[in-house]
Structure formats: C-alpha cells, structure tokens
Asker: 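Got a structure for you, written out below as structure tokens; questions coming shortly.
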There are 2 protein chains.
Amino acid sequence: MIPTSKELPLCPVATTVGLIGNKWKLLILQGLLTGVKRFGELRKGIPDISQKVLTQNLRAMEEDGIVIRKVFAEVPPRVEYQLSELGDSLRPIISVMEVWGLNYQKNANTLEHTKQVTS
Amino acid sequence: MIPTSKELPLCPVATTVGLIGNKWKLLILQGLLTGVKRFGELRKGIPDISQKVLTQNLRAMEEDGIVIRKVFAEVPPRVEYQLSELGDSLRPIISVMEVWGLNYQKNANTLEHTKQVTS
DNA sequence: TCCATTAGTTACTTTTAGGTTCCTATATGA
DNA sequence: TCATATAGGAACCTAAAAGTAACTAATGGA
C-alpha cells in the first residue's frame with residue numbers, strides 16, 4: 001500500500017489507515033518523529049528497508065503532505081526529510097503504538113504463540 | 001502483510017506494526033470494537049473486503065491471540081468473532097486513529113491534494 | 001423437490017509490493 | 001589519478017497480497 005490517497009473514505013479510521021496504514025510508512029513516521037533526518041540516516045534507522053521502498057514511501061508521504069523534502073545543491077547530494085505539521089500531528093498514533101508494544105513485549109513471555117528474537 | 005507474527009522485533013513500534021500494521025487488520029479490529037460479530041456482519045461492515053481476505057486476516061489475528069473465534073454446530077453455519085482481552089487492549093490505537101481521521105476530514109477541504117468522495 | 005442460507009475452502013489469475021543490480025553526478029581527499 | 005560518498009532512477013524479476021469463481025454441507029421453508 002504505497003498509494004497516495006486521493007479520496008477520503010467516509011470512515012475516519014479508514015481515512016487514517018489509507019494514509020499510514022502500512023508497515024513502512026508507520027516506521028518512517030516513527031523515524032522522523034525525532035526531527036530532521038537525511039535519507040541515509042532514515043535508512044539506517046529502519047532495519048531491512050531497501051532504498052527503493054524508502055524512496056517510494058517518502059515520495060507518497062510527501063504527496064500526502066505528511067513529509068517535507070529538502071534538496072540541497074551539494075555534491076555528494078544532501079536531502080533532508082522532516083515531518084510537516086500534519087505529519088507531526090500523527091505523533092499520538094505512533095506514541096500509543098509504542099506504549100502498547102512495550103507492554104506487549106513485557107508480557108510476551110507469558111504468551112505461548114510468540115517467541116523473542118534478538119535481531 | 002497477513003503474517004501471524006512469530007518474532008518480536010526489538011522496537012516496540014515495530015512489534016505493534018507487525019501485529020496490526022496492515023489495512024485490513026486495522027479495519028477488522030475496528031469492526032470488533034463494538035462487540036461480538038458474526039462473519040457476515042463483519043464483512044458487511046468493512047467495505048470492499050473479500051470473503052477470502054477477511055477469513056485470512058481473522059485467522060491470523062486468532063493465531064496472534066487478538067481475536068476469539070466461536071463456531072456453533074448449526075446449519076447454516078454460525079461463527080462468532082470477538083476481541084480477546086489482548087485485542088481489546090488495542091482499542092486506544094484505533095481510537096486515536098479515529099480522532100485524527102475526523103480532524104483530518106474536517107480540514108481536508110483546505111488541503112489541495114485530496115478530494116472528498118461519497119462512497 | 002428445490003432453493004436459500006452461512007462460512008468457509010480451493011484453484012486460478014491479476015495486481016501490488018518489494019528485491020536486486022547497475023547507473024549517475026561531482027567535489028574532496030589520498 | 002582514482003576511489004569515496006550520497007540520493008536516488010531505471011530495468012528487471014520475484015514474492016506476496018488480493019480478486020474471482022466455483023464448490024460444499026445440512027436444514028428449513030415454499
């Protein structure tokens with residue numbers, strides 16, 4: 001789901017999901033919550049994301065007005081990404097996901113259907 | 001992303017995203033927040049979801065301990081779905097998405113890159 | 001007798017997402 | 001002189017997700 005949403009579903013949850021209801025976008029969003037990041041920094045912070053997928057999703061998020069892209073006329077190239085005001089307004093979503101995830105991890109040992117992994 | 005997560009990433013957000021960072025799961029979760037639902041009801045409540053995809057995601061969520069599935073030995077078949085305690089603990093996530101979505105919709109007319117749609 | 005009903009399953013096809021490799025520009029430092 | 005660094009783009013291919021159609025079981029009602 002890379003789609004830059006062009007239509008708004010009636011349901012508010014579906015609207016939100018349409019914009020960021022996708023693994024990579026949520027992780028990119030998280031990466032940008034701490035402030036301006038260069039492309040490479042962002043990439044390093046998101047395990048296993050390929051350059052192509054990162055670029056694609058960043059472009060879609062830019063189109064959706066969530067992310068601001070700044071290109072500097074330097075060599076080697078320098079491109080900085082940051083959240084727009086709209087993007088930053090998504091912070092509570094990541095925040096609540098983080099809280100939930102922490103709690104889940106804490107109890108995960110009592111759940112038989114998961115296993116801890118150290119990567 | 002149907003995968004029933006078998007491993008826990010170190011990052012709490014990634015953990016959460018791994019479980020429900022997917023369009024359909026988020027919408028199914030929303031559908032179940034109001035209580036027990038039969039398969040058909042759930043299907044009706046989620047526009048454009050196909051039977052197959054609904055089944056697949058419900059099964060994955062069941063495996064992840066988010067959803068409880070109850071089969072009644074009746075004809076025609078009757079199957080009820082409900083959130084487990086774990087599933088219900090995800091409520092704040094949908095809740096915050098709903099709030100965000102409502103606000104986004106309210107301001108959407110001032111955003112040039114979206115358009116309202118009535119389906 | 002035959003149709004409708006429900007919650008699927010299966011097989012098959014199409015669509016979408018993602019992976020991989022190769023290519024580029026040019027200032028800097030070795 | 002030559003490798004390095006950065007942020008991609010293009011082409012190609014595979015994998016995963018989703019769509020579609022057909023089929024099922026057993027009962028109740030027309």
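Lettering of chains follows the sequences in order, A, B, ..., and the numbering in each one begins at 1. What you see below is based on every heavy atom in this structure, not just the backbone, and it leaves out hydrogens, waters and symmetry mates.
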Asker: Just to confirm, is there a sub-4.0 Å distance from OP1 or OP2 of dA7(C) to any side-chain nitrogen or oxygen of R78(B)?
Answerer: no

Asker: Regarding Q51(A), tell me which of base, sugar-phosphate or nothing describes its non-hydrogen contacts under 4.0 Å with the strands shown.
Answerer: base

Asker: For K52(A), check side chain to side chain contact (heavy atoms under 4.5 Å, CB included) against everything at least two apart and list the hits.
Answerer: S50(A), Q56(A)

Asker: Do any side-chain atoms of residues 26-37 of chain A form donor-acceptor pairs under 3.5 angstrom with protein atoms, and if so which ones, sequence neighbours left out?
Answerer:
from: T34(A); atom 1: OG1; to: G31(A); atom 2: O; distance (Å): 3.3
from: T34(A); atom 1: OG1; to: K37(A); atom 2: NZ; distance (Å): 3.2
from: K37(A); atom 1: NZ; to: G31(A); atom 2: O; distance (Å): 2.6

Asker: Look only at the side chain of Q105(B) and the backbone of L102(B), and say whether a donor-acceptor pair between them is shorter than 3.5 Å.
Answerer: no

Asker: Within this structure, what is the CD-to-P distance between Q56(B) and dA16(D), rounded to whole angstrom?
Answerer: 13 Å

Asker: Start with the C-alpha gap between L83(A) and I68(A), add the side-chain angles, then the distance that decides, and say whether side chain to side chain contact (heavy atoms under 4.5 Å, CB included) holds.
Answerer: CA-CA 6 Å; L83(A) 293 178; I68(A) 295 168; over 6 Å; no

Asker: Could you tell me how far apart L54(A) (CG) and dG8(D) (C1') are, to the nearest whole angstrom?
Answerer: 10 Å

Asker: Starting at NZ of K25(A) and ending at C1' of dA17(C), how long is that distance when rounded to a whole Å?
Answerer: 12 Å

Asker: Can you figure out which of dG19(C), dA18(D), dT9(C) approaches the side chain of T55(B) most closely?
Answerer: dT9(C)

Asker: Map V79(A) and K52(B) onto DNA chain D by nearest heavy atom, then report which one ends up closer to the 5' terminus.
Answerer: V79(A)

Asker: For dT6(C), does OP1 or OP2 lie under 4.0 Å from any side-chain N or O of Y81(B)?
Answerer: no

Asker: Mind running side chain to side chain contact (heavy atoms under 4.5 Å, CB included) on V71(B) and R69(B) for me, showing each step along the way?
Answerer: CA-CA 7 Å; V71(B) 184; R69(B) 177 167 178 265; 3.8 Å; yes

Asker: Have a look at F72(B) and say if it touches a base, only the backbone sugar-phosphate, or nothing, with a 4.0 Å heavy-atom cut-off.
Answerer: nothing

Asker: Expressed in angstrom and rounded to an integer, what is the separation of N22(A) atom CG from dA18(D) atom P?
Answerer: 11 Å

Asker: Does anything in residues 54-100 of chain B form a ring-ring contact (aromatic ring centres under 6.0 Å, His included)? List the pairs, not counting sequence neighbours.
Answerer: W100(B)-Y104(B)

Asker: Expressed as a whole number of angstroms, how long is the span from N57(A):CG to dG8(D):P?
Answerer: 13 Å

Asker: Output one letter per nucleotide in nucleotides 24-30 of chain D: B when a protein non-hydrogen atom lies under 4.0 Å from the base, S when only the sugar-phosphate is that close, - when neither is.
Answerer: --BS---

Asker: With sequence neighbours left out, which residue pairs that include part of residues 86-100 of chain B fulfil the salt bridge (Lys or Arg N to Asp or Glu O under 4.0 Å) condition?
Answerer: D88(B)-R91(B)

Asker: Take the protein atom CZ of R59(A) and the nucleotide atom C1' of dG18(C), then report the distance between them rounded to whole Å.
Answerer: 17 Å

Asker: I need the CD-C1' distance between E74(A) and dA7(D), as an integer number of Å.
Answerer: 12 Å

Asker: Using atom types as modelled and distance alone, determine if a side-chain donor or acceptor of N22(B) lies under 3.5 Å from a backbone N or O of W24(B).
Answerer: yes

Asker: Which residue lies toward the 5' end of DNA chain C, E80(B) or S50(A), if each is placed at its nearest nucleotide?
Answerer: E80(B)

Asker: Taking only heavy atoms on the protein side, list every residue of residues 39-49 of chain B lying under 4.0 Å from any atom of DNA chain C, sorted numerically.
Answerer: F39(B), G40(B)

Asker: Using whole Å, report how far CG of L27(A) lies from P of dG18(C).
Answerer: 11 Å

Asker: Tell me if a side-chain donor or acceptor on N103(B) pairs with a main-chain N or O of V99(B) at a distance below 3.5 Å.
Answerer: no

Asker: How would you list, by chain and number, every residue that makes a side-chain hydrogen bond (donor to acceptor under 3.5 Å, both in side chains) with E80(B), sequence neighbours excluded?
Answerer: R78(B)

Asker: Output yes when at least one side-chain N/O atom of W24(A) is less than 4.0 Å from OP1 or OP2 of dA17(C), else no.
Answerer: no

